[in-house]
Each structure stands twice: as structure tokens, then as C-alpha cells.
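Heads up: the structure comes next, in C-alpha cells.
Keep in mind it's a predicted model, so treat the numbers as computed, not measured. Every heavy atom of this structure was used, including side-chain atoms; hydrogens, water molecules and symmetry mates were not.
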Amino acid sequence: SPLVVVVGATGNQGGSVIRHLISSDKPYRLRGLTRDASKPAAQKLKEEGVEIVAVDISVGNESAVRDAFASAEIIFAVTNFWEHLDKDREITEGKVMVDAANAVGVKLFVFSGLPSVSKLSGGKYTRVVHWDSKAHIVEYARSQLPTVVDVQGGFYMTNLSNSTIAPKKQDDGTYLWELQGDADAPLPYMDMASDYGLFVRYAIE
């Protein structure tokens, strides 16, 4: 069975990925990475047979990241811009994961990326930094690794049960979704915690 390493195994995206791999009819060995292996979500995964590894993916901790990725055939990686709001830090941490994946000889690298708004707009919109930074990581990964899949995870992703931007039920039974933008524009939307892992599992399988 291939070893799949899932970054952020106790978060919304990584948690969704690992749960859907557990429920797959295909056999996997699963290793979930988290910064705190003692939290209940990590312990629950451990009870389900997931190997839990505590690691901080950051500059200066490259050897620990390589150890956490050791023997992986498939890696799912994700960054969290909203944790620090720093584009350069996000890019650097993404590169740490790519370099570690390269060092261990991973066959498939799946990243939760986004397209570059700067490039798509021909340089008109250059301040959507958390999209541009993820696009930069994907470009770097494709220059370093044999097979990279970008399963874009940022289109109004949310956990519908607790999100402040989730549609709100009105008294008449309809739902109201308040966002800035064109009210007539179609926008993709998903319950990230429940559904995102299905897309990643499909990409892997």
C-alpha cells in the first residue's frame, strides 16, 4: 500500500483529505502531520490507524520536515496564509515542503493551490497576495518534482457549520450570502471540511 503523508491532518483541508482516504476502498498507509499530536483530533486519527507525526513546517526545521516525509510516495501539502498574513513566509514554507518531497523521492505531490491573480489580470490586480503566493509554490513544485497536481482549495472554502461567510438562513427558508462583488456572477462554493478531500482522493486515484 502506498504511504500518503497529509500535511495539516487535523485542519479543515488536511482533515478532509485524510478522512476520505480512510474511507476509500483502496489500501493506503496514512501518516498525518500536525504541530500538536496531543490534541483530540490527532488522537482520534491515531485510533483509526493513522500514524501521527508532530512537526513544525518552517524555515530552520527542514531536516524534521524531511524526516516527516520519509518514504512517502504521495504527499498532500497545504499552507495557511491566514495564520500569519505573510506572502513571503507562505512561499518559503511551501518551498520547504517541495524541497523535502524532492529529497525523499515522492512520486506524486498534491498541493492546495490557487491561480495567480496578477498573471490572470495581466498585472492589473497585484494585491491578491494569498492567491499569488500559492501559485508561486505550484510553479516551484512543478520545476522540482516529477508529478504535481494542484487541487485548488481556496474558492470560498468554508466549514459551513461555523463560518462567518457561510450562507445564512432567512425566516422564509431561503439563504442569504453576503459578499463583495457582482451579485450575478457564479461562484464555486463548497463545504471544505466535508467535500474537499473527495477531490484530492480523486486526483490521487
Side-chain angles (χ1 to χ4, degrees), residues 2-9 11-14 16-18 20-21 26 28 30-33 55-157 188 190 192 195-205:
L3 174 62
V4 184
V5 172
V6 177
V7 174
N12 266 350
Q13 293 189 45
S16 184
V17 169
I18 211 159
H20 282 293
L21 290 175
K26 305 218 182 282
Y28 297 107
L30 298 171
R31 180 184 299 155
L33 307 188
V55 63
D56 182 20
I57 296 173
S58 59
V59 174
N61 205 30
E62 289 87 351
S63 63
V65 178
R66 283 193 301 272
D67 290 345
F69 284 2
S71 303
E73 294 178 55
I74 301 164
I75 293 171
F76 169 77
V78 62
T79 53
N80 187 0
F81 172 84
W82 300 107
E83 183 179 48
H84 46 71
L85 306 178
D86 185 333
K87 172 186 175 183
D88 293 331
R89 176 177 167 182
E90 180 172 43
I91 291 171
T92 303
E93 290 176 353
K95 287 183 174 181
V96 165
M97 290 188 283
V98 171
D99 292 343
N102 194 17
V104 303
V106 72
K107 294 177 180 174
L108 173 63
F109 186 81
V110 182
F111 184 71
S112 175
L114 286 168
S116 170
V117 174
S118 293
K119 287 185 178 177
L120 288 174
S121 68
K124 183 177 181 181
Y125 303 112
T126 60
R127 297 179 62 188
V128 190
V129 294
H130 62 293
W131 288 48
D132 287 355
S133 54
K134 286 177 170 54
H136 186 95
I137 295 165
V138 171
E139 287 179 11
Y140 180 71
R142 288 186 170 141
S143 74
Q144 302 295 312
L145 299 169
T147 308
V148 176
V149 177
D150 174 10
V151 180
Q152 297 182 356
F155 289 114
Y156 295 101
M157 60 185 184
M190 74 169 76
M192 187 59 58
D195 299 334
Y196 179 73
L198 286 169
F199 292 91
V200 175
R201 192 178 90 183
Y202 181 81
I204 289 171
E205 293 179 355

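Of all heavy-atom pairs spanning S112 and V78, the tightest one is CB-CG2, 3.8 Å. Residue I137 comes nearest to G94 through the heavy atom pair CD1-CA, 3.8 Å, listed as atom of the first residue, atom of the second, then distance. Heavy-atom minimum distance, G32 versus A9: CA-CB, 3.6 Å.
By the side-chain hydrogen bond (donor to acceptor under 3.5 Å, both in side chains) test, D132 pairs with S116, S118, sequence neighbours left out. E139 is linked by a side-chain hydrogen bond (donor to acceptor under 3.5 Å, both in side chains) to K119, counting only residues two or more places apart in sequence or in another chain. Legend: residues meeting side-chain hydrogen bond (donor to acceptor under 3.5 Å, both in side chains) with S16, ordered by chain and number and at least two apart, are absent. Residues meeting the side-chain hydrogen bond (donor to acceptor under 3.5 Å, both in side chains) test with R89, sequence neighbours left out: E93.
To the nearest 0.5 Å, atoms NE2 (H130) and CH2 (W82) are separated by 4.5 Å. One distance of note links CG of L114 with CG of D150; it measures 7.5 Å at 0.5 Å rounding. If you take CD1 on I18 and CD on Q13, they are separated by 14.0 Å, rounding to the nearest 0.5 Å. Taking NZ of K134 as the reference point, atom CD of Q152 lies at 11.0 Å (rounded to 0.5 Å).
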Pairs under 3.5 angstrom only: tabulate donor-acceptor contacts from the side chains of residues 59-77 to other protein residues two or more places apart or in another chain.
residue	atom	partner	partner atom	Å
N61	ND2	D56	O	2.6
E62	OE1	G60	N	3.0
E62	OE2	G60	N	3.3

When the side chains of residues 96-103 are checked against the rest of the protein, which donor-acceptor pairs come out under 3.5 Å, sequence neighbours left out?
residue	atom	partner	partner atom	Å
D99	OD1	Y140	OH	2.6

Listed pairs under 3.5 Å, donor-acceptor, residues 197-205 side chains, sequence neighbours left out:
residue	atom	partner	partner atom	Å
R201	NH1	H20	O	3.0
R201	NH1	S23	OG	3.4
E205	OE2	S24	OG	2.6
E205	OE2	Y28	OH	2.8

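Considering only heavy atoms from C-beta on, E90 stays 4.5 Å or farther from V129 through its side chain.
Sequence neighbours left out, not one pair with a member in residues 101-127 passes ring-ring contact (aromatic ring centres under 6.0 Å, His included).
Results of the side chain to side chain contact (heavy atoms under 4.5 Å, CB included) test with R31 over V6, V5, V7 single out V5 as the only residue that passes.
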